[in-house]
Peer 1: 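I have a structure here, written as structure tokens, and I will follow up with some questions on it.
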Amino acid sequence: MKKILVTGGLGYIGSHTVVELQNSGFEVIIIDNLSNSSLNVLEGITSITKKPPVFERLDLRIKADVIDFFQRHENIAGVIHFAASKAVGESVAQPLYYYENNISTLIYLLQECKAHSINNFIFSSSCTVYGEPDSLPITEEAPVKKATSPYGNTKQISEEILEDTCSVHPQFRCIALRYFNPIGAHDSAMIGELPVGVPQNLVPFITQTAAGVRKELAIFGNDYNTSDGSCIRDYIHVVDLAKAHVVALERLLKKANASNFEIFNVGTGKGTSVLEIVEAFEAVSELKLPYRIVERRPGDVVSVYADTTKANEILEWKAERSLKDALSSAWKWEQHIRNL
Ligand code: NAD
Ligand code: WQD
């Protein structure tokens, strides 16, 4: 059994990926500092896979602890690095915290990978690196635009750090996955998204509104140049996204990669508007969602969705779950955590 380190493995995408890794026969070690997750997630993962993953509560910003961790754990075959802070607005208010938490942690990990000859590395990047695209759907060749937030900048800088590292260490192999908008939860409703405070993202806000935790959804603008005036995104089921990590990891472990730094878009290839999401949610939940149209949210791009040809053809991965599957799993999860 190959041993894989998953940083941020108790977080939203990390926990779903741990499940898919365990189900694919990998042994998983999780590092998480619980800054945006809880120990209950470990129970959720275990209830699904029946195999408790090894867990270490560790803060990757503490370099000495990272060094110590790799001294104690031998034979790690690969690393999937999710741990980071991800709130765009918070990153504007606290840039130094974001640069430290998202960049220094990557550097410490890469230094230890080098020291211990761990040569397979998957990185969580984001479609945010594209900014407002010049054409749609977006391919991996689209230019990386100047970031509009410190968070987005940390993803751009991280990709550069990885590319520079790969260029001088030919034995080191990295895949950066640029996620579009992950939504939904595991079908079992044992794990899902756990936003702290008021959700900033659309789908958790919708499910909390439906659960009665929020009064109404504010839709940020209906006067964009789109079919119905609301913004368009590529919403991908988190389980499909998790599976993409397993495929990417297997590619590296087999040394099947075409170059030692590869980038893949991970989305569905389909754009959906905010109003279409509301409509689809109402259909799956059989509820009427209270909402009102408000001002545009500053910094929102109008329309983004992925060209997934590269991932489809090279990784032989394709998003399989529908938007309805994703929304009904999100709603099932919200009902589970609210005891509804
Ligand atoms: P999340 O906040 O749910 O998970 C991140 C996990 O990392 C959390 O459990 C947190 O406690 C942990 N963590 C943070 N800093 C740490 C540190 N210094 N040491 C140890 N653990 C630490 O976020 P997520 O949605 O699962 O995102 C995972 C990754 O994917 C992040 O890198 C994020 O930037 C990226 N990403 C997310 C999205 C999205 O919409 N969710 C989109 C694109 C990219
Ligand atoms: C989706 C759409 C909003 C909330 C963010 C980050 C991005 C990436 C994914 C990490 C937009 C609208 C939202 C609400 C609304 N994360 N909306 N009312 O902005 O595409 O991306 O998460 O890398 O970097 O910026 O996702 O879920 O916030 O918004 O109308 O209460 O829903 O305007 O059109 P976004 P989102």
Side-chain angles (χ1 to χ4, degrees), residues 6-17 30-39 41 56-62 65-66 69 80-89 91 97-98 100-102 104-106 108-109 123-131 147-149 151-152 154-155 158 176-183 191-196 198-206 208-209 214 216-222 224 226 230-236 238 241-242 245 266-267 272-275 277-278 291-305:
V6 181
T7 76
L10 295 188
Y12 174 43
I13 308 167
S15 57
H16 290 82
T17 303
I30 295 172
I31 284 180
D32 204 299
N33 67 352
L34 304 181
S35 58
N36 200 31
S37 51
S38 86
L39 276 179
V41 180
E56 283 217 18
R57 182 174 185 170
L58 189 151
D59 190 329
L60 291 165
R61 288 173 300 177
I62 304 172
D65 288 357
V66 180
F69 173 89
I80 306 185
H81 180 41
F82 292 103
S85 299
K86 62 167 180 178
V88 175
S91 81
Y97 174 75
Y98 271 68
E100 182 188 27
N101 205 40
N102 293 7
S104 66
T105 54
L106 173 67
Y108 300 158
L109 271 176
F123 176 70
S124 298
S125 192
S126 168
C127 68
T128 191
V129 301
Y130 296 118
T148 55
S149 71
Y151 168 74
T154 67
K155 293 299 173 190
S158 296
L177 298 176
R178 289 178 177 163
Y179 315 153
F180 282 68
N181 288 51
I183 60 165
I191 53 173
E193 191 168 6
L194 274 174
V196 176
V198 181
Q200 306 301 307
N201 295 113
L202 178 64
V203 171
F205 205 103
I206 287 177
Q208 288 197 9
T209 305
R214 312 277 155 209
E216 64 182 3
L217 169 72
I219 294 183
F220 301 136
N222 68 347
Y224 286 99
T226 61
S230 62
C231 291
I232 290 177
R233 297 288 184 271
D234 185 338
Y235 296 93
I236 174 168
V238 69
L241 175 58
H245 291 80
V266 190
T272 306
S273 75
V274 177
L275 287 164
I277 291 281
V278 170
Y291 71 83
R292 90 193 139 90
I293 311 290
V294 301
E295 289 294 289
R296 293 179 175 192
R297 181 171 69 176
D300 263 340
V301 293
V302 181
S303 190
V304 233
Y305 50 93

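Numbering of ligands and ligand atoms starts at 1, following listing order.
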Peer 1: Heavy-atom pairs closer than 4.0 Å: do any link ligand 1 to the side chain of C127, the backbone, both, or neither?
Peer 2: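 Within the 4.0 Å criterion, C127 makes no contact with ligand 1.
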Peer 1: What do you reckon, does S37 have a nitrogen or oxygen under 3.5 Å from a nitrogen or oxygen of ligand 1?
Peer 2: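 Yes, since at least one N or O of S37 sits under 3.5 Å from an N or O of ligand 1.
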Peer 1: Got an N/O contact under 3.5 Å between N36 and ligand 1?
Peer 2: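 Indeed, backbone or side chain, N36 has an N or O that close.
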Peer 1: Below a 4.0 angstrom heavy-atom separation, can you tell me which part of N101, side chain or backbone, both or neither, approaches ligand 1?
Peer 2: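 Only the side chain of N101 comes within reach of ligand 1.
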Peer 1: Examine Y151 against ligand 1 and note whether any of their N/O atoms are separated by less than 3.5 Å.
Peer 2: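 There is such a contact, yes.
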Peer 1: Within the 4.0 Å heavy-atom shell around V274, which atoms of ligand 2 are there?
Peer 2: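 Taking each heavy atom of V274 in turn, ligand 2 has 2 (C), 12 (C), 30 (O), 32 (O), 34 (O) under 4.0 Å.
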Peer 1: Do V203 and ligand 2 have an N or O pair less than 3.5 Å apart?
Peer 2: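 No: no nitrogen or oxygen of V203 is under 3.5 Å from one in ligand 2.
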Peer 1: What protein heavy atom sits nearest atom 19 (O) of ligand 2, and how far away is it?
Peer 2: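 That would be R297 NH2, 2.8 Å.
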Peer 1: For atom 6 (C) of ligand 1, grab the closest protein heavy atom and report residue, atom and distance to one decimal in Å.
Peer 2: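 The protein heavy atom lying closest is G8 CA, 3.6 Å.
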Peer 1: To the nearest 0.1 Å, how far is atom 11 (O) of ligand 1 from its closest protein heavy atom, and which atom is that?
Peer 2: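 For atom 11 (O) of ligand 1, the nearest protein heavy atom comes out as D32 OD1, 2.6 Å.
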Peer 1: Do me a favour and list the nearest non-hydrogen protein atom to atom 17 (C) of ligand 1 with residue, atom name and distance?
Peer 2: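 So the nearest neighbour among protein heavy atoms is N33 ND2, 3.3 Å.
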Peer 1: Considering only heavy atoms, which of L275, I13, L202 lies nearest to atom 27 (O) of ligand 2?
Peer 2: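 Of the listed residues, L202 has the closest heavy atom.
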Peer 1: What I want to know is whether Y151 and ligand 2 share at least one N or O pair that is separated by under 3.5 angstrom.
Peer 2: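 There is such a contact, yes.
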Peer 1: Between the side chains of S124 and Y179, does any donor sit under 3.5 Å from an acceptor?
Peer 2: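 Yes, because at least one side-chain N or O of S124 sits under 3.5 Å from a partner of the opposite role on Y179.
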Peer 1: What residues, two or more places apart in sequence or in another chain, satisfy salt bridge (charged side-chain N to carboxylate O under 4.0 Å, His left out) together with R297?
Peer 2: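 In terms of salt bridge (charged side-chain N to carboxylate O under 4.0 Å, His left out), with neighbours along the sequence ignored, R297 is linked to D300.
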Peer 1: Has ligand 2 got any nitrogen or oxygen that is less than 3.5 angstrom from a nitrogen or oxygen of F220?
Peer 2: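 Yes; the residue has a nitrogen or oxygen that sits under 3.5 Å from a nitrogen or oxygen of the ligand.
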Peer 1: Ligand 1 versus E193, non-hydrogen atoms closer than 4.0 Å: side chain, backbone, both, neither?
Peer 2: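 It is neither; nothing of E193 touches ligand 1.
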Peer 1: Any idea which heavy atoms bring I206 and I277 closest together, and the distance?
Peer 2: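 Looks like CD1-CG2, 3.6 Å.
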Peer 1: Counting only heavy atoms, which portion of L58 has something under 4.0 Å from ligand 1: side chain, backbone, both, or neither?
Peer 2: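 Backbone only; the side chain of L58 stays clear of ligand 1.
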Peer 1: In this structure, does ligand 2 have an atom that sits under 4.0 Å from one of the heavy atoms of Q200?
Peer 2: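 Yes; Q200 lies near enough to ligand 2 that a heavy-atom distance drops under 4.0 Å.
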Peer 1: Contact between ligand 2 and Y235 is defined here as a heavy atom of the residue under 4.0 Å from a ligand atom; is it met?
Peer 2: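 Yes, that is the case, since the closest heavy atom of the residue is under 4.0 Å from the ligand.
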Peer 1: So is there a nitrogen or oxygen of C231 less than 3.5 Å from a nitrogen or oxygen in ligand 2?
Peer 2: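 No, since none of the N or O atoms of C231 sits under 3.5 Å from an N or O of ligand 2.
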Peer 1: Residues in ring-ring contact (aromatic ring centres under 6.0 Å, His included) with F123, at least two apart?
Peer 2: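 So F123 forms no ring-ring contact (aromatic ring centres under 6.0 Å, His included) with any residue.
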